[in-house]
Amino acid sequence: VRAITFSDRLAYTDSCPTPRAGDGECVVAVLMAGICSTDHQITKGYMGFAGILGHEMVGRVVEGSADWIGKRVVCEINCVCRACDMCHAGLSTHCRKRTVLGISGRDGCFADFVIVPESNLHAVPPVIEDERAVFVEPLAAAFQVIRQVPIESRTRAAVVGSGRLGLLVAQVLADTGCALEVIGRNPRTLEWCDKKGIQSRSVDDVLPKQDWDVVVECSGSPEGLGMAERLVRPRGTIVLKSTYAGPSNSDLSSVVVNEVSVLGSRCGPFADALNALSRDAVDVSTMISGICSIEDGLDAFEASARRDTIKVLLKIGAE
Ligand SMILES: [Zn+2]
Ligand SMILES: [Zn+2]
């Protein structure tokens, strides 16, 4: 079967062995997959991953239990043991024995077929097309922000970074009615915000003033945290969404002096993302810059790293 793999370099192959499902797992034929910054970070050594890349997808169950077979699905990426202390405490995304689709210890979805635990599946309502369903995973991660930090209409919130994740987080925050500003470098995506009615500003125009209640760092760069520190008010909250290979070079003394809360934030609730897409509360369609076949996956990868693209999708299966 066809797949995009990474070991010491990114490669396309059409001769991956057909994967076999284990206990409690099923085989999903991948329809569409999304390329994300995490995939790029993995190719720079993040997580030390080797195998089939990809963790954002929509597909159809082709092998598994009768309950799921034939269903169009999206899939949570943390595959967990249900036995460790974290799982017992209801924190299974932090399972101590977890594998993560296309990120850690488990092949991902840039392939004709992917194996996932059935308990990770969510059925996709027909109203959400494949092109939008593929955004459920990163959109769920955006919803995690408002699960972790109370955001009200009087909250002053800033999103640092106007890339793929920043635009999703911005839309989720905008939907709460809070006072929101997106601060980024890319004129194209800042313009995209303006079109959505989301206030935005170039990072070059920002006078760093410590007066935002909540600053969500989505820049994907080691400088993002420092920027967030300059923006957040004393006793405010910084939410860190970016992951990147390599250390942050931030001086954390302002966190101490200003008694800032710094919160890590990762995967989030799929149900909230599916709900938002069903009622069209979040626009992902205009974030799609291109749709490539899996054979052109390496070109798609390159394209998705360019500043003139937002989201690049891989069309893998056909129905
Ligand atoms: Zn991702
Ligand atoms: Zn566990």
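We count ligands from 1, going down the list as the structure has it; atoms in each ligand are counted the same way. Just so you know, these numbers come straight off a predicted model, no measurement behind them.
Protein N/O/S atoms found under 2.8 Å from the Zn ion (ligand 1), listed by chain and residue number: C36 SG, H55 NE2, E56 OE2.
Among the backbone and side-chain atoms of C84, an N, O or S atom lies under 2.8 Å from the Zn ion (ligand 2).
Relative to the six-membered ring of W192, K195 misses at least one condition, a distance below 6.0 Å or an angle of at most 45° to the axis.
Of the residues M57, E118, E63, R60, the one that meets the side chain to side chain contact (heavy atoms under 4.5 Å, CB included) test with V28 is M57.
In this structure R188 satisfies the side chain to side chain contact (heavy atoms under 4.5 Å, CB included) test together with N186, D308, sequence neighbours excluded. Checked against side chain to side chain contact (heavy atoms under 4.5 Å, CB included), E137 has the following partners two or more places apart in sequence or in another chain: H55, E56, I77, C267, F270. By the side chain to side chain contact (heavy atoms under 4.5 Å, CB included) test, S261 is found to be paired with T237, residues two or more places apart in sequence or in another chain being considered.
The angle C81:SG - the Zn ion (ligand 2) - C95:SG amounts to 100°, with values rounded to 10 degrees.
K315 and D130 are not joined by a salt bridge, as no carboxylate oxygen comes within less than 4.0 angstrom of a charged side-chain nitrogen.
A donor atom on one side chain and an acceptor atom on the other are not found under 3.5 Å apart for T43 and Q41.
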